[in-house]
Amino acid sequence: IFRSSKCQWCQGPNPAIVHEVSERERRSTVSDLVVRQINFEVDQAKFIWNPANPSFSVLMNQITFFVVGFEKYMCRAMRDAEAHITDPAVMEEAVAFRKQEAIHAQKHMRHARALIAQYPALQGVLDKVLASYDDVYNAHPLEYHLAYAGGLEAIFTPFFKMILDHRAALFEEGDAQVASLFVWHFCEEIEHRSSAYDVYNHVVGSHWYRIRKTGAFQKHTRDLFDMIKGEFESLVKDVPDNAYSDNPFARIPLWAQLRSAVGVLASQFPWHDSVNQPLPDYYAEWLGHWQSGADVSQIVGKPQHLVLSD
């Protein structure tokens with residue numbers, strides 16, 4: 001996998017990376033992650049699956065194409081990191097985290113395939129995302145990939161909290177199968193909010209290395225999102241005029257958007273505590289629905305046939 005046969009990650013932890021995390025961050029707890037298989041019937045999903053908010057539909061479609069590549073990249077990093085994990089509790093967390101992320105990739109791949117079936121040229125967009133992550137993996141050592149995973153996963157909690165806190169404004173008029181896919185995914189991101197961070201701290205341990213690499217992984221992420229949206233604009237033209245120009249979060253109060261932005265910034269600080277973060281109230285509500293056996297594949301949104309008939 002790594003370009004150099006002398007790569008220190010093939011032999012053991014990189015001695016250039018100094019372990020400087022606290023004992024609190026080295027905690028050994030049994031993983032409470034649950035690996036769920038939920039069937040989302042998204043094969044008939046429209047590109048604009050929420051006609052009431054076309055720009056939010058586009059953003060979530062961008063996330064779908066991004067997620068397929070990113071989750072596969074993280075699974076690869078976690079699998080390679082397992083050879084360097086010495087704490088059984090961290091190992092249990094890493095394996096459960098990897099399994100959750102693999103299912104995320106699988107479910108979003110199904111959604112992407114549905115969109116590609118309608119617009120075959122979108123296959124090229126997915127291929128570009130996958131190739132980009134292959135290039136990143138081949139260009140950098142394991143500590144970089146774990147920093148990328150831990151840093152980006154830390155951003156998700158404040159960002160997805162904003163979305164889940166305002167799910168009614170964003171999802172209720174959309175295809176329930178697609179909307180519920182995203183809600184499930186975002187809730188599981190909240191659930192494993194500290195997993196990638198804990199693996200990074202155990203295997204690498206340097207706050208400063210992660211911070212030094214933050215700009216690089218954030219630029220890579222932004223570039224991919226920009227590429228995906230640009231390709232969508234070029235290839236998918238039968239959409240409302242405002243689908244590519246409107247603010248997808250226009251229905252969310254400005255104060256909530258600012259709070260999320262502050263949380264995203266704070267998530268990259270060296271003293272960030274990935275566990276004790278403000279969580280959306282809906283996270284516990286969604287878990288309660290799932291634990292009670294409710295059908296969470298259509299937990300938010302409109303019945304699919306109503307959206308398809310619009």
Side-chain angles (χ1 to χ4, degrees), residues 48-64 66-67 70 104 150-176 178-197 207 210-211 214-215 217-219 221-226 228-229 232 240-289 296 299-302:
I48 301 300
W49 52 268
N50 185 350
N53 195 341
S55 59
F56 184 70
S57 298
V58 170
L59 176 61
M60 294 298 103
N61 293 345
Q62 288 174 262
I63 287 178
T64 273
F66 171 81
V67 158
F70 176 61
H104 294 173
L152 196 59
E153 287 280 313
I155 287 172
F156 290 162
T157 299
F159 181 57
F160 292 152
K161 171 177 165 55
M162 178 187 71
I163 292 176
L164 292 172
D165 283 348
H166 298 88
R167 65 195 177 280
L170 298 173
F171 289 116
E172 278 197 351
E173 295 301 311
D175 180 332
V178 181
S180 299
L181 163 67
F182 284 104
V183 166
W184 155 77
H185 184 175
F186 298 163
C187 283
E188 289 201 348
E189 291 296 335
I190 300 295
E191 182 177 49
H192 67 226
R193 62 192 177 277
S194 66
S195 300
Y197 208 72
H207 292 307
R210 178 176 55 81
I211 291 170
T214 296
F217 80 71
Q218 288 186 349
K219 180 180 185 304
T221 300
R222 285 195 304 271
D223 288 348
L224 280 179
F225 268 84
D226 289 345
I228 295 168
K229 186 175 182 181
F232 283 175
D241 292 340
N242 61 345
Y244 297 118
S245 58
D246 280 3
N247 175 8
F249 300 124
R251 296 184 175 191
I252 295 180
L254 181 59
W255 63 263
Q257 297 183 52
L258 292 174
R259 183 177 65 182
S260 176
V262 170
V264 166
L265 177 63
S267 72
Q268 302 305 298
F269 291 162
W271 53 82
H272 175 69
D273 180 354
S274 57
V275 175
N276 297 305
Q277 292 296 304
L279 304 182
D281 292 338
Y282 184 69
Y283 167 60
E285 182 181 334
W286 186 93
L287 286 181
H289 288 305
V296 294
I299 200 167
V300 62
K302 294 168 60 177

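Across all their heavy atoms, Met162 and Ala256 have their closest contact at SD-O, 4.0 Å. Heavy-atom minimum distance, Ala243 versus Ile48: CB-CD1, 4.3 Å. Listed here is the closest heavy atom pair of Ala196 and Glu153: CB-CG, 3.9 Å. Contact detail for Ser55 and Pro248: the closest heavy-atom pair is OG-CA, 3.2 Å. Residue Ser260 comes nearest to Pro158 through the heavy atom pair OG-O, 3.2 Å, listed as atom of the first residue, atom of the second, then distance. When all heavy atoms of Ala169 and Arg251 are compared, the closest pair comes out as O-NH1, 3.2 Å.
Salt-bridge check for Asp165 with Arg259: passed, with a basic side-chain N closer than 4.0 Å to an acidic carboxylate O.
Between Ile163 and Phe249 there is a side-chain heavy-atom pair separated by less than 4.5 Å. No side-chain heavy atom of Glu172 sits less than 4.5 Å from a side-chain heavy atom of Arg167. Between Cys187 and Tyr282, some side-chain heavy-atom pair lies under the 4.5 Å cut-off. Annotation: side chain of Asp226 is not in contact with side chain of Gln62 (no heavy-atom distance under 4.5 Å). In this structure, the side chains of Pro54 and Asn242 come closer than 4.5 Å at one or more pairs of heavy atoms. Under the 4.5 Å side-chain criterion, counting only non-hydrogen atoms from C-beta, Trp184 is not in contact with Ile299. Under the 4.5 Å side-chain criterion, counting only non-hydrogen atoms from C-beta, Phe171 is not in contact with Val178. Counting heavy atoms from C-beta outward, Tyr283 and Lys161 have side chains that stay 4.5 Å or more apart.
Once rounded to the nearest 0.5 Å, the distance linking CZ of Phe182 with CD of Glu189 reads 12.0 Å. A distance of 7.0 Å separates CZ in Phe70 from OG1 in Thr221, rounded to the nearest 0.5 Å.
Other residues, nucleotides and ligands place no more than 12 heavy atoms under 6.0 Å from the CG atom of Asp281.
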> Run the side-chain contact (heavy atoms from CB on, under 4.5 Å) check on Asn53 and Glu173 step by step: do they pass?
Replying inline: CA-CA 8 Å; Asn53 195 341; Glu173 295 301 311; over 6 Å; no

> What's the verdict on side-chain contact (heavy atoms from CB on, under 4.5 Å) for Trp49 and Asn61, showing C-alpha distance, side-chain angles and the deciding distance?
Replying inline: CA-CA 9 Å; Trp49 52 268; Asn61 293 345; 3.3 Å; yes

>> Test side-chain contact (heavy atoms from CB on, under 4.5 Å) on Val264 and Gln218; report intermediate values, then the result.
In response: CA-CA 11 Å; Val264 166; Gln218 288 186 349; 5.5 Å; no

> Going through the checks in order, is the side-chain contact (heavy atoms from CB on, under 4.5 Å) test met by Arg193 and Leu279?
Replying inline: CA-CA 10 Å; Arg193 62 192 177 277; Leu279 304 182; 3.7 Å; yes

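The aromatic rings of Phe186 and Phe160 lie parallel to each other, with less than 30° between the two planes, well short of the 60° mark. Under the 30°/60° scheme for interplanar angles, the aromatic rings of His192 and His104 are found to be tilted.
When each of Leu164, Leu59, Ile252 is paired with Leu170, the side chain to side chain contact (heavy atoms under 4.5 Å, CB included) condition holds for Ile252 and for no other.
Residues that satisfy the salt bridge (charged side-chain N to carboxylate O under 4.0 Å, His left out) test with Glu188, not counting sequence neighbours, are Arg36. With sequence neighbours excluded, the residues that form a side-chain hydrogen bond (donor to acceptor under 3.5 Å, both in side chains) with Asp223 are Lys219.
Aromatic ring centres of Tyr244 and Phe232 lie farther apart than the 6.0 Å criterion allows.
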